[in-house]
Amino acid sequence: MAAGYVEILRTRHAARLLAGTLTGRLPNATAAIAVVFFVRAEGGSYSLAGALTAVYGVATAVGQPLLGRAVDLYGQPRVMLPASVLAALGMVLLAVVGIEPVAVAYAAVLVAGLATPPLEGGLRALWPSVLKREDQVHTAYAMDAIAQEVMFTVGPLLVTVSIALWSPATALLLINALGVLGALSVVLSEPSRSWRSAPREAHWLGALRSPGLLALLGSFFFVGLALGAIIVAASAYADDHGSDTIYGWLMAANGLGALLGGLVYGARQWSGAPEKRLRILVALLAVGYLPLTLVPGVPAMAALTVVSGLFLAPCIACAFIVVDRHAPRGTVTEAFSWLVTAFGVGTALGTAAAGPAVELGGTGASFAVAGGGGIAALVVLLATQRVLAAPGRRPDVAGVDENDRNRAVEPGFSSGHQA
């Protein structure tokens, strides 16, 4: 199972790009917990902490596709590094000034969110020029999804350790310094410096003019909603059982499920259209959420939570392939960034919807929000089958990456340069 992942990591530049991207994304992965701890240490309320976190999240959702479009137009180094530095300076401002005056605090997180570099989409655009075969690119997408689960586990742990050793302000500074170093490692690499997007048709909608991409974004908005609802529902379940540690165990179980599912999915070479495979994976994801509404005892709930996470990483990995197939020519980074935005906005709304569900119908109702999100994601894919059946590729697109000096990409495989 691990042979395919080892082969990829041994490929020149691959390990550096993956590690640099994950390190560069640490500020975004840990922003919510870091800001909450910082605000509380400064004497601010949970309401202020939540509001600042929300502003950061919305700003990131807006900034990602805009910066992704800039990357497609001007290249990765000219956009990624300045954005990373600016985002870090926003958090430095928050750490130095604190929460008074509050307007400065809001401005700081707004800048940090808007300037968050689209490293996630950038890495997926680079894989086809780094790896030798189409099946390796598909495995790399799965490995990327797995690595995200690890990052979202290790990142918060790094924040809490930094706070224990030093202070919340130091944690903010450290995490964002690491973020800049990660982005720097990526943009100084040869694949990032040489990558160029294919010429694109001038259109104000950019990647959003693809009907297939819009269908995928609609579906993954609801996948994000389901995940956001589980975050709140797991917290409510822990409250019902009188132990905050249960929340950590449930989220770890969900992450373990995603990790196992991603490992198995990425270890196999899949045939057939990825759009059809994605419908099956989303259906399995939705089915996995439904038993959570039974809210059984802790051991059984932990087992169900593992099952509920099994198909998340495979869904994300398969979605990357579908995005690459449907993104209009020259918009691949922007398209990947839109997927991140749709998922993130859905997650935020899922947390918002699950709260009232707990108050009105109890913990089971909040888990039902997750199940409903999974079903809605499947309905969108089923309703848009015809749109997703024909990728928006142009017939004159070359099968070989224009920057692939060794002609390593298989004929017929459209790389990230030829979107």
Side-chain angles (χ1 to χ4, degrees), residues 8 11-29 60-88 113-131 137-138 140-145 147-148 151 178-198 200 206-207 213 316-317 319-321 323-324 327-344 401-404 409 414-419:
I8 289 172
T11 302
R12 189 184 178 199
H13 303 299
R16 173 179 176 174
L17 290 172
L18 180 63
T21 297
L22 292 175
T23 305
R25 292 175 56 207
L26 274 176
N28 182 246
T60 303
V62 172
Q64 287 288 290
L66 295 178
L67 290 172
R69 180 177 296 194
V71 167
D72 287 327
L73 290 171
Y74 305 112
Q76 293 196 0
R78 294 172 65 183
V79 177
M80 297 284 201
L81 186 58
S84 179
V85 171
L86 183 58
L114 285 172
T116 298
L119 290 163
E120 190 174 357
L123 176 63
R124 287 155 200 164
L126 290 177
W127 281 134
S129 63
V130 173
L131 302 174
V137 175
H138 294 179
Y141 286 156
M143 184 174 65
D144 191 4
Q148 287 188 68
M151 179 188 66
L178 289 174
V180 173
L181 291 176
L184 184 64
S185 176
V186 171
V187 301
L188 290 180
S189 68
E190 191 276 333
S192 179
R193 288 185 287 109
S194 63
W195 183 87
R196 295 294 181 273
S197 176
R200 59 189 281 155
L213 179 62
I316 294 174
F320 298 160
I321 301 169
V323 167
D324 188 57
R329 182 179 173 89
T331 68
V332 64
T333 309
E334 179 189 345
F336 281 129
S337 299
W338 273 117
L339 184 65
V340 175
T341 290
F343 190 85
D401 189 328
E402 62 218 46
N403 288 331
D404 181 20
V409 179
S414 181
S415 79
H417 300 260
Q418 303 282 349

For [X], enumerate each residue passing the side-chain contact (heavy atoms from CB on, under 4.5 Å) test, keeping only those at least two apart in sequence or located in another chain.
X: S189; answer: R16, L17, P191, S192
X: A142; answer: Y5, Y265, A317
X: S337; answer: Q64, P118, T333
X: A115; answer: L86, A87

Can any side-chain N or O of [X] pair as donor or acceptor with the backbone N or O of [Y] at less than 3.5 Å?
X: T331; Y: A327; answer: no
X: S185; Y: G182; answer: no
X: T23; Y: A19; answer: yes
X: T21; Y: L18; answer: no

Keeping to residues at least two apart or across chains, list the salt bridge (charged side-chain N to carboxylate O under 4.0 Å, His left out) pairs with something in residues 73-82. none
Show me the pairs that pass salt bridge (charged side-chain N to carboxylate O under 4.0 Å, His left out) and involve residues 17-28, at least two apart or across chains. R25-E120
Of the options D72, V323, V71, which is the one that meets V332 in a side-chain contact (heavy atoms from CB on, under 4.5 Å)? D72
Check the pair L123 / F336 against side chain to side chain contact (heavy atoms under 4.5 Å, CB included), numbers first and verdict last. CA-CA 10 Å; L123 176 63; F336 281 129; over 6 Å; no
